[in-house]
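One structure is given below, encoded as structure tokens.
Here is how names work: the chains are called A, B, and so on, in the same order as the sequence lines, proteins then strands, and each is numbered from 1. Below, each value reflects all heavy atoms present in this structure, side chains not excepted, and no hydrogens, waters or symmetry copies.
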Amino acid sequence: METLPLFIAIPLAVAFLFPVFEKLSLRRALLDGLAVLATAALLAGSLGLLAQPDRVYWIGGWAPPVTGINLVSDGLSRLMLVVVQAISFFSIVFSLRYMDRYSSRGFYYGLFFLLLAGMNGVVLTGDLFNLFVFIEIAAIASYALVAFGCESEELEASFKYLVLGSVSSAFILLGVGMLYNLTGTLNMAEVAAKAPALSGLPIMAMVGACFLFGFGLKAAMVPFHAWLPDAHPSAPAPISAMLSGVLIKAGGVYVLFRLFFSVFGMDLLYARVFMALGAVSMLIGVLLAVGQWDFKRLLAYHSISQMGYVLLSVGVGGEVLARGGPTPVAALAVFAGLFHLVNHAAFKSLLFLCSGSMEYVTGTRQLAEMGGLSRPMPLTGLACRVAALSISGIPPFNGFWSKLLIIIAIVQAGHYALAALTVLVSFLTLLSFIKVQRYALEGPLPELLRSVREAGLAMSLPLLALAALCLLGGLLLPLYAGALFTPAQEAMLSGLNYARAILGG
Amino acid sequence: MQATSESGGGLSPIVKTVARWMAGFILVFGLSVVLYGHLTPGGGFAGGVVLSAAFILVVLSHGRREVLQILSERAPTIYDGLAALAFLLLAVLGYAAGGFFLNFLPKGQPFQLWSGGIIPLCNLAIGVKVGACLFGVFAALAVFRHLHQRSA
């Protein structure tokens, strides 16, 4: 039996079960159990998929020559699938305890699984319109989740996110429409097969601009980032971890990679736009982050900055590829970008979960009101420290290795100024996380917080597991790179061969 | 008239009677749009919107107070969720015949009511889903909002 559609069907089924259960007033343990079981099963399934070769599944049996909707499992989508399932599993385990303070647990789980179904769909689909639909499913679920607390600040953030998100979706739809008009097909592989004939047309620049704007906004690249620092901190902490950890990747950066590498074919212009967006996001994001006193808002700005690293590195890879430079350099740049993407998912969701754990016991997100928390909360303190060291690129944690690889790749590609910028941004990141450690973990414990304790094992376990991933992810890279990263890197470097791999011939 | 509708008592008996009659016809029309969805313009979504319009008409004419006696807050949500699950079940049942979303029922003669395999069933599920969902949105905004304000 083919398992690919189940990655969309299971979260959808679970998502619609929860509101029904909630209204039937079933026991809470049943809801929690179902949520954990579903995410664990999906995680196991996605890990199992890693061992299997690339394949295409035509839904409803509509295979070429009558092209229907297809689901594609290639290296890049398998990589994203594993990341999405892993972070959602940890977020759900963390939610068990954290969501106590919110009502409507069933609706929370329902929206969470809708978000998951949307992201899995985006990652797996091989059809442009399907992609748009799944992006909308994920986006609409995330609008509701950002507003889940129903405080005025959260509603405002959600409304801003909703308006900007809808504008970006409109541009994506416009791009899909123009592409359909040009090629007469919505299947990404068929568009890719026709891409070389289209590449000179002026309208293709318009299509590319629509997608860059649309998905750039979903990925919160500067200058399209204005919604993220409001939306991500306003959501409940496990949702912040999902939004920053995976949604901006699955719904933004992944689609940019998929479309511009596999469907349009990377050319020098697109690669330079990637590099410019990445470099600007990297710098502006970190400069805005340094001055923040709200812990979650600081983390949100760092998401912009760290995703800038990913886009810059992959853009450099594309540029080397497009100008006919040495393939190993392009391969290293793409590899480093993907590695950093995975690492960012691990340490940024860990940081958001830590901020949630601290907020749960202290009731504040302001760094100035915290202090000395590593003593009453040793586990959270340890996890937070590991994550802070990872994101600032201190050896031996995973962030160090990916940043090192990114810098080596950029130097090898001959962009010395950009490499220097990358080092500078890394230094500024370290600076702002020294501030976090100084104010949240070290220093005197404020009078008000004398009585705080660790929030319980259900909240600490996901933190420790993610912290272990941050440490081992870098050290054990040679062991799993072949299973996880090499196929993804090959899928991106093979470019327009995507069409042949799917349609055959 | 304004005063009665403010207190949730509904409109005059003439309006109520006419609306009750009309709601029946609208329901039948909505059902036919859903059931003939695979043959004529329309389908699950359009028919579902018509179905919800029938219920909305009754709420508008009869007023909040009367409606709350027969309608519970949970009903639209439950029908909404169950219809979505039914649609998904049709897709997953395709596995038994060989694949996800495979049309596993006999296709029948084109342009007959009993044709198209699972498509009429899909339309039915979508019709219930859209009807319940749209009515649920309306009810949440117009009927139950007052309940929550009173209890708050």
Check whether more than 12 heavy atoms from other residues, nucleotides or ligands sit under 6.0 Å from atom OH of A:Tyr143, and answer yes or no.
yes

Select one option (side chain, backbone, both, neither) describing which atoms of B:Tyr95 are under 4.5 Å from chain A's heavy atoms.
side chain

Nearest heavy-atom neighbours spanning A:Gly60 and B:Leu102
O-CD1, 3.4 Å

Judged by atom type as modelled, is there a donor-acceptor pair below 3.5 Å linking the side chain of A:Tyr57 to the main-chain atoms of B:Gly99?
no

Does B:Tyr79 OH have over 12 foreign heavy atoms under 6.0 Å away?
no

Considering residues, nucleotides and ligands other than B:Ile14, do more than 12 of their heavy atoms fall under 6.0 Å from its CD1?
no

Find the distance between CZ (B:Phe101) and CD1 (A:Ile69) and round it off to the nearest 0.5 Å.
8.5 Å

Heavy-atom count around B:Gln109 CD within 6.0 Å, excluding the residue itself: above 12?
no

Distance col, row A:Phe16:CZ vs B:Leu82:CG, nearest 0.5 angstrom, shows 11.0 Å

Can you tell which part of A:Leu4 gets under 4.5 Å to a heavy atom of chain B, answering side chain, backbone, both or neither?
neither

Would you indicate whether A:Glu2, at its atom CD, is surrounded by more than 12 heavy atoms from other residues, nucleotides or ligands within a distance under 6.0 Å?
yes

Does atom OH of A:Tyr180 have more than 12 heavy-atom neighbours from other groups under 6.0 Å away?
no

Any chance you could measure B:Leu85, atom CG, to A:Leu12, atom CG, to the nearest 0.5 Å?
9.5 Å

Give, for atom CZ of A:Phe107 and atom OG1 of B:Thr77, the distance between the pair rounded to the nearest 0.5 Å.
5.0 Å

